[in-house]
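Have a look at the structure below before the remarks.
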There are 2 protein chains.
Amino acid sequence: MTRNTTTSARPPTLKTIAFMTGYSVTAVSRALKDAPDISEQTKERVRLVANQIGYRPSRAGLRLRTGKTQVISLILDVDEEIMGLTSQMVNGISQSLRETNYHLVVTPYSHREDGMVPVRYVVETGSADGVILSRTEPQDPRIKYLLSNNMPFITHGRTELGVDHPWVDYDNERFAFDSVKRLAGLGAKQIGLLAPASNLTYAGHLKTGFARAIAEFNLDMFPIDRLTIDDSLDQVEAVVAEIMSGSNRPDALISAAGSAAMAAAAGIERAGLKIGEDVHLVSKQSTNILHRYRREIIVFNENVYDAGQQLATGILYAINDRSSEHLTHLAYDGELPLD
Amino acid sequence: MTRNTTTSARPPTLKTIAFMTGYSVTAVSRALKDAPDISEQTKERVRLVANQIGYRPSRAGLRLRTGKTQVISLILDVDEEIMGLTSQMVNGISQSLRETNYHLVVTPYSHREDGMVPVRYVVETGSADGVILSRTEPQDPRIKYLLSNNMPFITHGRTELGVDHPWVDYDNERFAFDSVKRLAGLGAKQIGLLAPASNLTYAGHLKTGFARAIAEFNLDMFPIDRLTIDDSLDQVEAVVAEIMSGSNRPDALISAAGSAAMAAAAGIERAGLKIGEDVHLVSKQSTNILHRYRREIIVFNENVYDAGQQLATGILYAINDRSSEHLTHLAYDGELPLD
DNA sequence: CCTCCCAACTGTATCGTTACAGTAAAATCG
DNA sequence: CGATTTTACTGTAACGATACAGTTGGGAGG
């Protein structure tokens with residue numbers, strides 16, 4: 001509570017330390033950077049004083065001089081899955097950024113608009129040192145743009161650009177495969193997949209795993225083309241209800257998102273069918289909610305908090321150790337047991 | 001696509017415009033600020049050139065010189081309601097910030113730690129021009145601190161500090177009152193309230209409205225003391241199940257959060273009771289999910305996206321028009337109809 | 001005709017930091 | 001012992017913006 005009230009309490013700068021130690025501003029700066037042309041004793045003294053008075057480098061000064069913003073920009077789709085995905089990702093990222101001097105700036109956009117806009121903004125204004133992207137496409141133009149403009153980035157989701165870049169992803173292919181396998185074990189014969197918008201890379205992963213398992217276990221694929229998990233929940237519920245009312249209906253559904261699974265479950269029940277008996281339902285979730293919703297849903301977890309941490313670690317690595325090596329991380333947890 | 005590739009493509013500064021127009025850097029700066037000592041013709045010319053070359057003031061330069069960061073800091077509780085509250089708030093804030101030059105920085109903390117830490121950080125490092133707080137307490141020390149340090153802020157939730165400050169809130173008292181009223185209409189006699197942690201201001205609002213309605217409609221209050229909606233969903237489910245298995249059990253519950261309502265519903269059913277028959281359940285939600293979860297739940301909407309927009313507008317007002325007037329906003333939407 | 005004022009600028013210093021070019025003194029070398 | 005290198009610093013300029021203190025040329029006023 002006791003504060004230096006004689007001065008106007010302006011935060012200490014290099015100048016302050018220089019004055020207190022008798023060294024020049026330059027010497028202090030280089031001492032704190034552990035430069036080789038500063039004696040060990042001097043460094044010691046400077047560090048001591050800096051700690052004592054609680055020196056923190058000015059972000060503005062640093063940024064003006066070096067161009068480093070110490071900011072990570074999270075490009076966020078505002079229409080992303082409603083159930084906690086965003087907040088968990090933000091929390092994960094923040095957790096990893098906590099011990100660093102990096103701040104997290106959220107730059108939202110709608111995937112219905114041009115996804116290039118926020119990316120261009122960050123590059124043109126130099127408002128961040130690195131970018132975190134999600135909802136990647138196989139030939140993602142944002143990534144080409146970032147690469148050609150030399151802006152460090154990491155993606156949540158992979159691409160098929162033939163260039164190496166850091167990414168974090170959930171093994172959706174395996175999820176789809178294991179889901180089908182599980183359903184085959186339950187005696188399902190004809191399975192439908194509620195996939196994301198087909199322009200997204202992970203839609204392909206899902207379909208690959210799905211198709212592979214369908215073939216391997218000798219099942220039928222029930223095509224659901226006019227629906228994605230990014231449609232409104234009302235839409236999902238309505239279309240699923242309609243599908244389930246048909247004479248040739250699937251006896252199992254796989255949903256790639258928890259919110260869509262809840263809507264699908266509602267649709268199934270609206271058609272007068274029972275989940276776990278008439279129709280099996282498998283879904284991924286990023287928030288532990290589905291088992292409470294309908295105990296009969298078969299649940300796989302996608303840990304988005306973890307993904308956030310990985311993304312933060314990866315982007316810091318991409319920013320600071322600009323080697324050609326890129327951190328990549330493919331996560332998979334398997335089915336969540338009941339209780 | 002055509003870009004100036006002769007120079008190293010550094011973004012234009014005041015210097016650039018000064019060179020192009022022939023004016024001094026100072027004149028250009030003042031022209032763009034619409035200063036009175038610059039002729040109208042000059043301003044016109046400068047603005048034209050500035051627009052043509054896509055000039056954007058450097059945040060670093062501005063910040064270093066003026067101390068203005070053009071940053072709003074959102075202090076976020078990482079343990080906040082899991083279901084979309086955070087992302088909707090972020091989206092709402094971003095939407096309002098979109099047309100401004102302000103960036104949104106997320107500064108998370110856990111309410112289990114000291115809530116002063118992130119607030120102190122922002123003030124001490126001057127890392128934002130304004131702060132958005134939630135989970136306010138009646139005598140919130142963070143607010144006292146921000147006031148005494150002259151840092152503009154706005155709160156999501158009110159206080160009882162006796163000082164005027166900008167805030168946005170949901171009318172929880174009315175929600176609680178209307179919920180009880182609704183339940184009275186359904187013939188409920190003994191009602192329990194699933195409230196947030198009692199240190200939060202809105203816990204008081206809820207209890208006030210609850211108590212007032214209980215008295216007015218001549219009902220009984222079923223005290224639920226050992227549970228808050230900030231407890232884990234497993235905890236909520238377990239305790240509700242236990243309560244509902246008792247001989248003297250409530251015949252209606254009011255939940256102040258959608259996630260807790262889902263857990264409570266699970267608990268009710270675990271006790272072998274039916275929602276809407278044996279036990280009525282009313283809940284607030286910020287994401288339209290509860291009706292799909294159990295159609296029998298009586299749902300009130302809290303529009304957090306709107307609240308985010310209001311918060312952003314309010315904090316900008318507090319930052320820029322530093323009059324004594326404060327924007328405040330009390331929202332209430334009433335019950336959400338089925339379908 | 002000289003003074004004073006005013007409009008419309010220009011010039012300089014500064015915010016905090018770092019790159020780069022000195023520089024003084026001590027250490028090393030033949 | 002003088003020349004050269006090394007060590008450990010200091011000084012200056014620059015990043016982009018703005019505050020404040022000039023400066024200039026023209027017009028009004030006495």
Side-chain angles (χ1 to χ4, degrees), chain A residues 7-47 49-50 53-71 101 103 124-127 129 320, chain B residues 7-47 49-50 53-71 101-102 124-127 129 320:
Chain A
T7 71
S8 59
R10 275 212 284 157
T13 68
L14 291 180
K15 211 169 167 181
T16 319
I17 304 177
F19 179 74
M20 292 176 76
T21 57
Y23 291 110
S24 71
V25 171
T26 301
V28 172
S29 170
R30 298 189 56 67
L32 290 172
K33 295 213 116 48
D34 201 23
D37 65 344
I38 302 291
S39 76
E40 207 44 59
Q41 203 207 19
T42 301
K43 290 178 188 172
E44 201 82 17
R45 283 224 287 152
V46 168
R47 274 195 290 258
V49 173
I53 64 177
Y55 167 75
R56 301 192 211 221
S58 145
R59 311 188 117 241
L62 205 93
R63 180 167 177 176
L64 184 57
R65 183 68 240 249
T66 65
K68 293 286 161 211
T69 61
Q70 305 213 103
V71 162
N101 283 316
H103 287 179
E124 283 173 5
T125 64
S127 58
D129 296 342
N320 296 312
Chain B
T7 71
S8 60
R10 275 210 286 156
T13 68
L14 291 181
K15 211 169 167 182
T16 319
I17 303 178
F19 179 73
M20 292 176 74
T21 57
Y23 292 110
S24 70
V25 171
T26 302
V28 172
S29 169
R30 297 188 57 68
L32 290 173
K33 295 214 116 47
D34 201 24
D37 65 344
I38 303 289
S39 77
E40 207 42 61
Q41 204 207 17
T42 301
K43 289 178 186 170
E44 201 83 16
R45 284 224 288 150
V46 168
R47 274 194 291 258
V49 173
I53 64 177
Y55 167 75
R56 298 191 212 223
S58 146
R59 312 187 118 241
L62 203 92
R63 180 168 177 176
L64 185 55
R65 184 67 240 250
T66 66
K68 292 288 162 209
T69 61
Q70 305 214 100
V71 162
N101 284 317
Y102 284 85
E124 283 173 7
T125 64
S127 59
D129 296 342
N320 296 312

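Model, not experiment: these values are computed from the prediction. Chain letters run A, B, ... following the sequence lines, proteins first, then strands; residues in each count from 1.
Qualifying side-chain hydrogen bond (donor to acceptor under 3.5 Å, both in side chains) partners for Ser24(A), counting only residues two or more places apart in sequence or in other chains: none. For Arg47(A), the side chain to side chain contact (heavy atoms under 4.5 Å, CB included) partners are Leu32(A), Asp34(A), Glu40(A), Lys43(A), Glu44(A), not counting sequence neighbours. Applying the side-chain hydrogen bond (donor to acceptor under 3.5 Å, both in side chains) criterion to Tyr55(A), with sequence neighbours excluded, gives no partner residue. Contacts of Thr125(A) classified as side-chain hydrogen bond (donor to acceptor under 3.5 Å, both in side chains), with partners at least two apart in sequence or in another chain: Ser127(A). Taking the side chain to side chain contact (heavy atoms under 4.5 Å, CB included) definition, one finds that Asn320(A) meets it with Tyr102(A), Leu316(A), sequence neighbours left out. Residues satisfying the side chain to side chain contact (heavy atoms under 4.5 Å, CB included) test with Thr16(A), not counting sequence neighbours, are Pro12(A), Thr13(A), Met20(A), Ile53(A). Residues passing the side-chain hydrogen bond (donor to acceptor under 3.5 Å, both in side chains) test with Gln41(B): none are found, sequence neighbours excluded.
Heavy-atom contacts of chain B under 4.0 Å fall on DNA chain D between two terminal nucleotides, which in 5' to 3' order are dC15(D) to dC20(D).
For the contact set between residues 58-67 of chain A and DNA chain D, defined by any heavy atom under 4.0 Å, the members are Leu64(A), Arg65(A).
Judged by distance alone, the side chain of Arg59(B) and the main-chain N or O of Asn101(B) form a donor-acceptor pair under 3.5 Å.
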Practice item. List the steps and the verdict of side-chain contact (heavy atoms from CB on, under 4.5 Å) for Ile38(A) and Lys33(A). Key: CA-CA 10 Å; Ile38(A) 302 291; Lys33(A) 295 213 116 48; over 6 Å; no
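Note on residues 20-31 of chain B: pairs passing salt bridge (charged side-chain N to carboxylate O under 4.0 Å, His left out), not counting sequence neighbours, are Arg30(B)-Asp37(B).
Nucleotide dT12(C) holds its P atom 18 Å from the CG atom of Leu14(B), rounded to whole Å. Regarding Lys15(A), its NZ atom lies at a distance of 11 Å from the P atom of dT17(C), rounded to whole Å.
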Pick out the pairs of N or O atoms, protein on one side and nucleotides 7-9 of chain C on the other, that lie under 3.5 Å.
from: dC9(C); atom 1: OP1; to: Thr42(B); atom 2: OG1; distance (Å): 3.3
from: dC9(C); atom 1: OP2; to: Ser39(B); atom 2: N; distance (Å): 3.1
from: dC9(C); atom 1: OP2; to: Ser39(B); atom 2: OG; distance (Å): 2.8
from: dC9(C); atom 1: OP2; to: Thr42(B); atom 2: OG1; distance (Å): 2.7

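Between the axis at the start and the axis at the end of the helix from dC1(C)-dG30(D) to dG30(C)-dC1(D) there is an angle of 60°, using five pairs per end and rounding to 10 degrees.
Taking OG1 from Thr69(A) and NE2 from His103(A), the interatomic distance works out to 10.5 Å, rounded to the nearest 0.5 Å. To the nearest 0.5 Å, the span separating CZ on Arg56(B) from CG on Leu62(B) amounts to 14.5 Å.
In terms of heavy atoms, Ala60(A) sits closest to Arg63(B) at CB-CG, 3.6 Å.
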